[in-house]
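In what follows, chains carry the letters A, B, and so on, assigned in the order in which the sequence lines appear, proteins first and then strands, with residues in each chain numbered from 1.
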There are 2 protein chains.
Amino acid sequence: MQIRTVKDLGAIIRDRRKKADLDQADLAQKVGVSRQWINEVEKGKPRAEISLILKTLDALGVVINIDGERPDKTGKAAQPKTVDIDSIIENARRPKQ
Amino acid sequence: MQIRTVKDLGAIIRDRRKKADLDQADLAQKVGVSRQWINEVEKGKPRAEISLILKTLDALGVVINIDGERPDKTGKAAQPKTVDIDSIIENARRPKQ
DNA sequence: TTACAATGTCATCGAACGGTGACAAATGGA
DNA sequence: TCCATTTGTCACCGTTCGATGACATTGTAA
């Protein structure tokens, strides 16, 4: 499954927590955060700290990985497969602003 | 590649930024954050906001995905493949604390 | 070396963090 | 239904966030 938003992340965490037969308090203790924090994160808290998120996923045995470039049609910020000469020239132009 | 720590994340971001031929200021503008924030994140800032991290990865065309259970030997918090009856019973026991 | 771009670092500031303690609402079993 | 567990939500508080502006350091091409 692919993760693009904090809501995706919250859904994953809630799903895995339930599959592990843990309540929010159990998971909170395992991770070392408050029960309220787990609750908010599962609902998609946008400003949660990345390291706590990583600890939470780790506690649930969830593996995050990165693929190569995003396939063209899949994401909104598709990457050009070839070198973008124009942008390189643009970057090389002297007055950046 | 697998991501387990904020340092992994920072390394990915720096690597992809350079491959995209962007400097920190370019990426910052694309994501909508300050150049300093990009700088700190690339060095493994542990308390960065998850939503900004996701926006950054998206801007770089980096796809994050989740696999099933972590393979036994790979991670420190390995998940039992079978149902853990003991922990279920423990959870079911009346006085939680 | 000189000069400029890129990166690293600092202080300041308003805003939001996460923890705690408490209570209400929802859920589920007897 | 009753009752306990779980989840959702609130106010308070000390800490840290990320933006800004400035300056130092490093990298690199002329």
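- Rounded to a whole Å, the CD1 atom of B:Ile13 is 16 Å from the C1' atom of C:dT7.
- Phosphate proximity of C:dG8 to B:Arg14: present, with a side-chain N or O under 4.0 Å from OP1 or OP2.
- B:Gln2 is not listed as a side-chain neighbour of B:Asp8, based on a closest heavy-atom distance of 4.5 Å or more.
- Ionic pairing of B:Lys19 and B:Asp15 is present here: one or more N-O contacts between side-chain nitrogen and carboxylate oxygen are shorter than 4.0 angstrom.
- The closest side-chain heavy-atom distance from A:Leu54 to A:Ile64 is below 4.5 Å.
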- Message: Walk along nucleotides 9-17 of chain C from 5' to 3' and tag each nucleotide B, S or - by protein heavy-atom contact under 4.0 Å, base first, then sugar-phosphate.
- Response: BB-----SS
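- Counting to the nearest Å, the C1' atom of D:dA19 and the NZ atom of B:Lys55 are 14 Å from each other.
- Atom CG of A:Asp26 and atom C1' of D:dT7 are 13 Å apart (whole Å).
- Rounded to an integer number of Å, the gap from B:Asp23 CG to C:dG8 C1' is 14 Å.
- Here the shortest heavy-atom pairing between A:Gly44 and A:Val6 reads O-CG2, 3.1 Å.
- Atom P of nucleotide C:dA6 and atom CG of B:Leu27 are separated by 14 Å, given to the nearest angstrom.
- If you take CD of B:Gln29 and C1' of D:dT20, they are 16 Å apart, rounded to a whole angstrom.
- Put simply, CD on B:Glu42 is 14 Å from P on C:dA6, counting in whole angstrom units.
- The shortest side-chain heavy-atom distance between B:Leu9 and B:Leu57 falls under the 4.5 Å cut-off.
- Put simply, the side chain of A:Leu27 reaches to within 4.5 Å of the side chain of A:Thr56, judged on heavy atoms.
- Rounded to an integer number of Å, the gap from CG of A:Leu52 to C1' of D:dT16 is 12 Å.
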